[in-house]
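Notes for the one structure printed next.
The figures that follow rest on heavy atoms only: side chains count, while hydrogens, waters and symmetry mates do not.
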Amino acid sequence: MIRTMKLRWSDAHAKLFAAICTLVFLLGTPAWLFADDEPAYDARIEGYSSAMWTDGGTTALMWLLYIVVGLVCLSVLFKDARRTHLD
């Protein structure tokens, strides 16, 4: 077998992969810490004498996305095992 075709994970590769994943996680975490908690200006509430706030959005689209991704993942279960790549 060709030497370049062999894929072996040594301890050094595993440690490097773990270090990169940890670094990405630690560098990505502060992004939500510096998020602005004050709501943005909304023209719909302009002109009211008292302080008004609009409600935040819903999570309906995220649930629909989860359902679609779940259906795509479950559709693999019903794939015929005898299919060829020519289908």
Out of curiosity, [X] [atom1] to [Y] [atom2], how far, rounded to the nearest 0.5 Å?
X: L16; Y: D11; atom1: CG; atom2: CG; answer: 12.5 Å
X: L71; Y: Y66; atom1: CG; atom2: OH; answer: 15.0 Å
X: L74; Y: I67; atom1: CG; atom2: CD1; answer: 11.5 Å

message = Any heavy-atom pair between the side chains of L65 and L61 that's under 4.5 Å?
response = no

